[in-house]
There are 2 protein chains.
Amino acid sequence: MAQHNIDVQNSFEGVCSLFHNLQSGEKELIRRNFTCSFYRKGEIIYKEGDKPSGLVCLTKGKVKIFKEGVGGRDQIMRMAKPIGFIGYRALFADENYIASAQALEDSVICVIDRTVLLEILKMNAELTLHILRSVATELGFSNNRTVTLTQKHIRGRLAESLIFLRDTYGFEDDGQTIKVYLSREDLANLSNMTTSNAIRTLSAFSEEGVLELDGRRIKVLDVHKLERISDLG
Amino acid sequence: MAQHNIDVQNSFEGVCSLFHNLQSGEKELIRRNFTCSFYRKGEIIYKEGDKPSGLVCLTKGKVKIFKEGVGGRDQIMRMAKPIGFIGYRALFADENYIASAQALEDSVICVIDRTVLLEILKMNAELTLHILRSVATELGFSNNRTVTLTQKHIRGRLAESLIFLRDTYGFEDDGQTIKVYLSREDLANLSNMTTSNAIRTLSAFSEEGVLELDGRRIKVLDVHKLERISDLG
DNA sequence: TCTAAAACATGATTTAAAGCATAATTTGGA
DNA sequence: TCCAAATTATGCTTTAAATCATGTTTTAGA
């Protein structure tokens, strides 16, 4: 942990910047109940069924949130980037986690103690209302996702995932390479298809000149065409 | 409207009972900004893209919430029963509706003015936290739904829908007939399949002795078998 | 550096579900 | 009451996607 040189103070300020209308006393309370830890690429941060111990925040790295599906097939529900919260749904619903979180790169994870946070929310209605708004917005995404994952065809689903990854992580300096490097399996689990079909469809996009592939590096050559494929289903 | 004899006072009390920790001043504020209206079976209560004017509550009847899908195929997202809120996601996210609401039977709909409600929430953190919990719980349902709708096979999806309808509306006095009468098309749109397949699969369940069908009347003869079909996918 | 395992790639086959056609039944207005 | 439209029902065909098979490449650990 310590040997990875986590800048706790910096992480703390980053996390606090996500809260609106945080009073100085509340901030101090959080500081005293704030822990950070390091996760190596591939490590599990929490598992489906675990009980949330607090509000989890990713301050460095990338994390996937996934649910184990019917035939052992995973479904990636969310991709997290810094600085952002994860696992808050279970915390606020007062339930155990219904999905697992795994580091896709070396990551820094901070936790605000559950009890302390809920005490603050009970006193700060404006802050709670902001969080309510975020969760409501995410529920909207989730509902949209349900429809597209069930109704779009394979090409549309994969195209949508690629656009989603670009929106989430952006491009590298070349302005074309998506700034995340997923396995074909993860790409498939994000798009509700088998790994074979993810590979096949990526190859097709490459042959059509929409993408350029180099291992896990995905360069978007024709954004408009990709968007058209996504929209048509 | 009036000729349908809406008991506004009774509706008002019912709606207020859904709020936790509501102060008497707040209750009075709601009363003065509370309207009720009657919707005949089949009437649209709000449409995708409309702007929420307030918090909508169903105090009598049944309502389906659905999104228009890719090929004009609808996806039913939620089934509402009295007394319960609908359309609150858009309100709290400060967005337009992303789904439409339609009365499945003659229904009474009450609305609490948007501004008044938000003012109350800004002052009442405990109430806001309760709502946050509800929305977080629903986000969990939505995430589960995404996985089952995408990964279960047709029989599993339909069986799950029937169990969901039983959980939502319960049984008639005979303890077997599901207390909601949907068209095959609605049943299909709830279960992410074509109408043909809903009809076919219902017939199959009937032949297997799991259900007894009489028009839109669905009698569950073998709950355990139905649950087994749902669980196996 | 070598080797085993994992990931990637591509083609062939199977299958679940959609689509299409036709007909019977029910429903809701004129 | 009658008729047109909508809904329900069933069989057949097509198709999108999963599954299976095989081979290649890459990666990570001994």
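So you know, we letter chains A, B, ... as the sequences are listed, proteins then strands, and number each from 1.
The side chain of B/Ser183 sits closest to D/dT8 out of C/dA9, C/dA17, D/dT8. Nearest to the side-chain atoms of B/Arg216 among the listed nucleotides C/dA18, C/dC8, D/dT7 stands D/dT7. When distances are taken from the side chain of A/Ile154 to each of C/dA17, C/dA18, D/dA17, the shortest belongs to D/dA17. Residue A/Ile199 places its side chain closer to C/dC8 than to any other of C/dC8, D/dA17, D/dT7.
Looking at every heavy atom in both residues, A/Tyr97 comes nearest to A/Gly87 through CE2-O, 3.4 Å. In terms of heavy-atom proximity, A/Thr59 sits nearest to A/Ser11 at OG1-OG, 3.3 Å. Taking every heavy atom of both residues into account, B/Ile6 and B/Phe38 meet most closely at CD1-N, 3.8 Å.
With salt bridges taken as basic N to acidic carboxylate O contacts below 4.0 Å, none links A/Glu212 and A/Arg217.
In this structure, B/Lys41 places its NZ atom 12 Å from C1' of D/dA6, rounding to the nearest Å. Between B/Leu182 atom CG and C/dT26 atom C1' the separation is 17 Å, expressed in whole Å. Atom CZ of A/Arg217 and atom P of C/dC8 are 16 Å apart (whole Å). Rounded to a whole Å, the OH atom of A/Tyr181 is 14 Å from the P atom of D/dT27. What separates CG of B/Leu158 from P of C/dA18 is a distance of 12 Å, to the nearest Å. Regarding B/Lys152, its NZ atom lies at a distance of 17 Å from the C1' atom of C/dA16, rounded to whole Å. Nucleotide C/dA24 holds its P atom 21 Å from the CG atom of B/Leu213, rounded to whole Å. The distance from atom CG of B/Leu149 to atom P of C/dA16 is 19 Å, rounded to the nearest whole Å.
Dense packing is recorded around CZ of B/Phe164, with more than 12 heavy atoms of other residues, nucleotides or ligands lying under 6.0 Å away.
Under 4.0 angstrom from either OP1 or OP2 of C/dA18 there lies at least one side-chain N or O belonging to B/Thr194. Contact between the side-chain N/O atoms of B/Arg200 and the OP1/OP2 oxygens of D/dT10 is not found at any separation under 4.0 Å. Between A/Arg155 and D/dA16 there is no side-chain polar atom (N or O) within less than 4.0 angstrom of OP1 or OP2. Between B/Asn197 and C/dA17 there is no side-chain polar atom (N or O) within less than 4.0 angstrom of OP1 or OP2.
A/Ser203 comes within 4.0 angstrom of the backbone, heavy atoms only, and of no base.
Residue whose closest nucleotide on DNA chain C sits further toward the 5' end, between B/Met193 and A/Glu185: A/Glu185.
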